[in-house]
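Scroll down for the structure; my scribbles are underneath it.
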Amino acid sequence: DQQVKQNSPSLSVQEGRISILNCDYTNSMFDYFLWYKKYPAEGPTFLISISSIKDKNEDGRFTVFLNKSAKHLSLHIVPSQPGDSAVYFCAASANNNDMRFGAGTRLTVKP
Amino acid sequence: ETGVTQSPTHLIKTRGQQVTLRCSSQSGHNTVSWYQQALGQGPQFIFQYYREEENGRGNFPPRFSGLQFPNYSSELNVNALELDDSALYLCASSLVVSPQETQYFGPGTRLLVL
């Protein structure tokens, strides 16, 4: 069962512009959300997270927004850099249980 | 401080065989989780070990089993391999048992079952 969905398999953005990656979920019990970034031949690395008690969390160029009523979260990268080119996974967990991952979105930032 | 390492990096097996994959946790981490990532999909949780005991399991059959050793390194064993077991297997370690605690992933073992 796909409880976490990333409907865009790929996204291409010009360097310096904003990248917006989207994620939808179906389980209303999810209370913690994370974004991971994955380069080829490496494991996913943690990027940013947000608890369900917040609607926004910011860390440098990365901001995650959570819309609980729409069961939707998004990751904004501003400004985008070529080094941001990677696959981005969103993940969610409920009551401290295991994480459920989306299928990922491949971001390409063009110089 | 060493990161999470996994061995082997690649492996080819035939249907019906058994395989053991290994993971060395990041120094000081006592929790390890294993994930299966099929092509075009996100990682799927297999199980988690905390202080040598299984601490949670995803929707995987019993032929997927694991071990965690006193030094917190870990093994994933898969018996009676099936073609659909072909995937990237990732392990991740963390300091405590909580998805809210940052997990550090290894580079994965790519398994091909023929």
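On a predicted model such as this, the values are computed, not experimentally measured, just so you know. Proteins come first, then strands; the chains are lettered A, B, ... in the order of their sequence lines, and each starts at number 1.
- Around the NZ atom of B:Lys13, the shell of radius 6.0 Å holds more than 12 heavy atoms that belong to other residues, nucleotides or ligands.
- Most heavy-atom pairs under 4.5 Å with chain A: of the set B:Gly108, B:Pro43, B:Ser33, this distinction falls to B:Pro43.
- Both A:Leu73 and A:Phe62 are part of a single hydrophobic cluster, where members link through side-chain heavy atoms under 4.5 Å apart.
- Follow the hydrophobic side-chain contacts under 4.5 Å out from B:Val19 and you reach B:Trp34 in the same cluster.
- In this structure, no portion of B:Phe47 lies under 4.5 Å from any heavy atom of chain A.
- Between A:Pro44 and B:Leu90 the shortest heavy-atom distance is CD-CD1, 4.0 Å.
- Counting all heavy atoms, side chain and backbone alike, B:Gly40 lies closest to A:Ala103 at O-CB, 3.7 Å.
- Hydrophobic clustering, with ILVMFWY side chains joined whenever heavy atoms are under 4.5 angstrom apart, keeps A:Phe33 apart from A:Phe65.
- Linking ILVMFWY side-chain heavy atoms closer than 4.5 Å, directly or via other members, places B:Leu76 and B:Leu11 in a single hydrophobic cluster.
- In the hydrophobic clustering of this structure, B:Phe60 groups with B:Leu83; members are Ile, Leu, Val, Met, Phe, Trp, Tyr whose side-chain heavy atoms approach within less than 4.5 Å, directly or through other members.
- The contact between B:Gln37 and chain A is made entirely by side chain atoms (from C-beta outward), counting heavy-atom distances below 4.5 Å.
- Taking CZ of B:Phe105 as the reference point, atom CZ of A:Phe46 lies at 11.5 Å (rounded to 0.5 Å).
- B:Tyr35 and A:Met99 get closest at one heavy-atom pair: OH-CE, 3.5 Å.
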